Every structure is written in C-alpha cells, then in structure tokens.
Amino acid sequence: MSESPEITLARDSLKTIPFLAGYTGPIERLGGLTNLVFRVGEYCLRIPGKGTEEYIDRGNERVATEAAARALVSPEILYADPSSGVFVSRFVDRAVTMTPERFRTTPGAPARAGQAFRRLHDSGAIFPARFDLFAMIDSYLAILSTKDVALPEGYHAVLKEADSVRAALSARPLPNVACHCDPLCENFLDTGERMWIVDWEYSGMNDPMWDLGDLCIEGGFGSSEEEEMIQAYFGGEASPSERGRITIYKAMCDLLWTLWGLIQLANGNPADDFRTYADQRFARCRALMGTSDFARAIEAVATSDV
C-alpha cells in the first residue's frame, strides 16, 4: 500500500537527519493546525507549515524550546535545522494530547497546566523574542494588507476600544517572563502526573497572565476549571489585579488570533474553516469587551499597585 504524501514528506525529511536517516519503521501523523507533526518511534518530528516563515522566528523558537526543556516543561530537543525549521524531540510516552473536553473531564488537568506555567514563568529563562500584543496585531494587519481576505466587520472599531486596555497595562506593567503565548489545548501533553507543553513558535517574554487567560479561552474553561488552574498556579488566591489581567487577556487573545486565523485562510491552510474560526473569535472578543466584568477588570488593573 502506498503511503500518503504527508508520510512521504516525513520520510524524505528523516533522510536529512543523521541519527534518523536509516529509519524504516512506522510513521504516525499527529495533530497540528499549521505544522505537520509525526511520531517516529521514540521521537517526534515537526515539519513547519506553509507560510509560517512570514511570522515565525525560528531562532527564537529553538532557544525557547531548549530553555523550556531545561525547565522540565517541554520535551528534550534532539535535532533542529535553523534554516528549515524542522526539528526532532523525544516522544512523551504514556502522555495524552489534551483537548477542551479532556481538560474538563480529566481530574487535576487544569491544576497540572497551572503548575507547568508556574515552572516556566519561574524558570528565569530568557527568550530572544518579546511577545508584544499590540505590535503583533499591527504586524498581522500589515501581512493581511497584502492578501485578499476581509477583516470581520467592526474589527478596527473594537481595536480602537482596546486603547483602554493598552493604557491600563502600560500604566501597571508586570515584569515580563518567559511565556508560551500560544496555549492551544493540543499543545499540552498530560501523563496524569505532569503536564508537558510543546510548540514554542509564538513564545516570548510576556506578561505571565497572558498564558493563563489564553488557556481559559482555548480550553473553554468554566469557572471550576479556571479556579483550579489559578489556585494551582498561585498556590492560593490571585489578587484582583491578577484576575483582571486574566480577564483582559481572554478578550485580547481572541482579538489577536482572529488575525492569525485570517492569515491561515489567506495561505490556504486546509486544517480548519479559518473564516468561521476568525469570525467566531472576533465575536467572542467583542462580547466579552462589552461586559461589566471586563470594565471591572480594566479598573482593577489600572488602579493596582503592581
């Protein structure tokens, strides 16, 4: 039986990797929205997706992945090609790839994610890139200006409304720390004892509350999952300002990833219906920004002593 084009591509890539050049065993296609990810025996092979070179800094990704591995947050990287972005890591045995449903139904999973974030944020790692929300929005808008894809109606008006967020965060900044910045559920691997985080393409020095707020959205967390994660991360209660930042970033991650989805649409990424993805994220962002909870979150951040 002939192999799929994706498996053939994986075998061709293996030929360029010295310690896997002679591999002839089974190859299993794993997840990934933009990249191609495969299990190759004891290893995991990642091949970058089409168009990712427009917005991914592969040098930063490699440094971040290696630092996260040293912090015991991410699996060890065994090979990385800085020119192509192909890399090989150890496969995490007996780990389950997380989904929103698994986060809701697996006992202790939100807590283990909170603990993994805490290990990362406390690691002292320095990533080359800085994850600047509004600079990234500007960058993505610039990319989209060269493509034939329409923004959701009202996007620029909502971005203007976010000036109050920019002002509050700028007035009371937290020290930037090493952050993952793209906590899609499928980027978490759970052994039941430890949560591992993979895919460091968007990582950078950032406000640590971004990771918590973004995971709340990606995981579709209800109040119980959110509280479990927060309590595990802080080892107790979070301050009103910290909770305010988490709420703010729930909206802001949707504002940003709306544009990311449109770039995928423009690049012809077949992994999802990215028009619907972008429109739904923008609608969710706009809805949250219109609530009294969001207004209180901005007030809590703007008036805090932190």
Side-chain angles (χ1 to χ4, degrees), residues 13 16-17 31-37 43-90 92 113 116-144 169 173-184 186-189 196-215 218 249 252-253 255-257 259-261 263-264 267 269:
S13 295
T16 68
I17 301 170
L33 274 180
T34 53
N35 303 314
L36 297 174
V37 184
Y43 309 103
C44 186
L45 168 69
R46 196 288 304 277
I47 302 174
K50 174 186 174 183
T52 55
E53 68 279 357
E54 288 184 309
Y55 51 86
I56 299 298
D57 180 339
R58 295 297 173 194
N60 174 73
E61 179 193 22
R62 179 174 181 177
V63 171
T65 305
E66 291 173 346
R70 289 193 297 271
L72 301 180
V73 175
S74 188
E76 180 185 6
I77 294 296
L78 303 172
Y79 171 86
D81 183 339
S83 60
S84 69
V86 170
F87 75 70
V88 176
S89 63
R90 291 202 183 277
V92 181
F117 280 146
R118 193 76 206 202
R119 284 196 299 275
L120 172 65
H121 297 163
D122 287 350
S123 69
I126 303 295
F127 294 168
R130 182 170 182 265
F131 189 96
D132 184 314
L133 166 64
F134 292 102
M136 289 185 69
I137 287 175
D138 290 343
S139 175
Y140 284 3
L141 285 171
I143 292 171
L144 287 167
L169 294 173
L174 284 182
N176 283 343
V177 299
C179 290
H180 183 271
C181 302
D182 182 32
L184 190 71
E186 289 76 8
N187 288 338
F188 290 79
L189 309 176
W196 299 88
I197 312 177
V198 298
D199 190 352
W200 298 83
E201 289 185 315
Y202 301 89
S203 61
M205 306 302 288
N206 192 12
D207 181 334
M209 296 302 100
W210 172 279
D211 279 345
L212 278 67
D214 201 344
L215 181 56
E218 305 301 343
Y249 289 136
M252 293 300 100
C253 74
L255 192 64
L256 174 64
W257 301 134
L259 302 180
W260 177 90
I263 292 172
Q264 305 314 307
N267 288 342
N269 186 340

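If you read the sequence from its start, that first residue is 1, and numbering goes on from there. Computation of the quantities below employed the complete heavy-atom set of this structure, encompassing side-chain atoms and omitting hydrogens, waters and symmetry-equivalent molecules. All of these numbers come straight from a predicted model, not from anything done at the bench.
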**OP:** With side chain to side chain contact (heavy atoms under 4.5 Å, CB included) as the test, would you mind laying out the steps for Thr34 and Gln264 before giving the verdict?
**Re:** CA-CA 8 Å; Thr34 53; Gln264 305 314 307; 3.1 Å; yes
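Atom-to-atom distance recorded for Thr65:OG1 and Ile77:CD1 is 5.0 Å, nearest 0.5 angstrom. Considering SG of Cys44 and CZ of Phe87, their distance stands at 7.0 Å, rounded to 0.5 Å. If you take CD on Glu186 and CG on Asp199, they are separated by 11.0 Å, rounding to the nearest 0.5 Å.
One side chain, Glu201 or Asn35, offers a donor N or O that lies under 3.5 Å from an acceptor on the other. Thr52 and Arg58 form a side-chain donor-acceptor contact under 3.5 Å, judged by distance and modelled atom types alone.
For the residue pair Cys179 and Phe127, the shortest heavy atom distance occurs at O-CE1, 3.5 Å. Nearest heavy-atom pair, Ala178 versus Ala125, reported as atom, atom and distance to 0.1 Å: CB-O, 3.6 Å. Ser203 approaches Ala129 most closely through the heavy-atom pair O-CB, 4.0 Å. Considering all non-hydrogen atoms of both residues, Pro75 and Val92 come closest at CG-CG2, 3.4 Å. Across all their heavy atoms, Tyr249 and Asp207 have their closest contact at OH-OD2, 2.9 Å. Considering all non-hydrogen atoms of both residues, Leu259 and Ile137 come closest at CD1-O, 3.7 Å.
Judged by distance alone, with hydrogens and angles left aside, the side-chain atoms of Ser139 form no donor-acceptor pair with the main-chain N or O of Met136 at under 3.5 Å. Remark: side-chain polar atoms of Asp211 are paired, donor with acceptor, to backbone N or O of His180 under 3.5 angstrom. Here the side chain of Ser74 pairs a donor or acceptor atom with the backbone of Ile197 at under 3.5 angstrom.
When each of Val63, Ile56, Asp57 is tested with Asn60 by the rule side-chain contact (heavy atoms from CB on, under 4.5 Å), just one qualifies, namely Asp57.
Taking the six-membered ring where the residue is Trp, Phe117 and His121 present parallel rings, their angle staying beneath 30° rather than reaching 60°.
Aromatic rings from Trp210 and Tyr202 are positioned such that their centres are separated by 6.0 Å or more.
In this structure the side chain of Asp182 never reaches within 4.5 angstrom of the side chain of Trp260, judged on heavy atoms.
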